[in-house]
Amino acid sequence: MSEKITKESIIKSLLDTAFYKSAGGTSLSDIAESLGIKKASLYNHFESRSDIIEQTTSSCAEYLKSISFIPAEIENVAKKYPVETVLKGIVSRYVKMHEKAPLFQIYTFVESQKYFDIKTAQIIKEENEKLESQTEIVLECLLNLEKIKITKEQIPGISKWFCAGINDFLNRRLLERKQAVVQNPKSGEGELFTLQSDDKGIDEINRLVEQFSRLLCA
């Protein structure tokens, strides 16, 4: 092997393999085969398969903590653009982030594990809370600019409702995209996430954002 095997490369291999076979269906042999090494070599870095799963879960948690639903310059964006444009922009950014590696594999992994592992379920809970809190920031910016007609007290409930809609759309969209990938395994990483653009799906979420924007401005 010309490429050095590390904990990080093994974790990446698990995520890639689990994308197709599920975490539960991925064996040590699958991981070793994808890396071109013997299964025994995995024990140089991890104590067991459970240890790989646990450390992969921790790695996913750290990565998810590092990403943001909203851009750092959200206040300037809120000043510059209409409500509908601001909301469409952050939602589109969020969806596109999840359609690319490594977030696509990470999202798939944690979603498949949330029913079997308390730590993974907690990761998803924290991600949802972060999404809601960052949506509150956006709405507060728009409210302070007098671009929307709601009260500050309404913001938490509206954010929760809005985020539930985003997550529902994201779950359905990524399921469809994953099925397309699985049916075309030759697309692999590098081409895997260059599937033909699904304008119909984007049109759907844009219509929902348009309706939401009208409610905020009514």
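This is a predicted model, so every value here is computed, not measured. When a residue number appears, it is its place in the shown sequence, counting from 1.
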Legend entry - Linked hydrophobic residues, Tyr115 as query - side chain contacts closer than 4.5 Å: Phe116
Inset, instruction - Check side chain to side chain contact (heavy atoms under 4.5 Å, CB included) between Thr6 and all other residues, then give those that pass, not counting sequence neighbours. - result: Lys4, Glu8, Ser9
Legend entry - Results of salt bridge (charged side-chain N to carboxylate O under 4.0 Å, His left out) for Glu47 - residues two or more places apart only: none
Legend entry - Pair listing, salt bridge (charged side-chain N to carboxylate O under 4.0 Å, His left out) test, anchored in residues 139-150, at least two apart: none
Distance-only criterion, 3.5 Å: show the donor-acceptor pairs between side-chain atoms of residues 73-83 and protein atoms not counting sequence neighbours.
none

Inset, instruction - With sequence neighbours left out, write down each residue that passes side chain to side chain contact (heavy atoms under 4.5 Å, CB included) with Asp168, or none if nothing qualifies. - result: Arg172
Inset, instruction - Mind jotting down which residue pairs meet the salt bridge (charged side-chain N to carboxylate O under 4.0 Å, His left out) criterion with at least one end in residues 18-39? Sequence neighbours excluded, please. - result: Lys21-Asp30
Legend entry - Pairwise ring-ring contact (aromatic ring centres under 6.0 Å, His included) hits with a residue in residues 142-165, at least two apart: Trp161-Phe212, Phe162-Phe212
Inset, instruction - Using the test salt bridge (charged side-chain N to carboxylate O under 4.0 Å, His left out), find all partners of Lys119 that sit at least two apart in sequence or belong to another chain. - result: Glu54
Inset, instruction - Please identify each residue that fulfils side chain to side chain contact (heavy atoms under 4.5 Å, CB included) with Ala61, with sequence neighbours left out. - result: Ile123
Inset, instruction - Give a yes or no on whether the backbone of Leu64 and the side-chain of Lys130 come within a donor-acceptor separation of less than 3.5 Å. - result: yes
Side-chain polar contacts of residues 85-92 - donor-acceptor pairs under 3.5 angstrom, sequence neighbours left out - could you list them?
residue, atom, partner, partner atom, Å
Lys88, NZ, Glu84, OE2, 3.0
Lys88, NZ, Glu210, OE2, 2.7

Legend entry - Listed partners of Glu132 passing side chain to side chain contact (heavy atoms under 4.5 Å, CB included), at least two apart: Lys160, Cys163
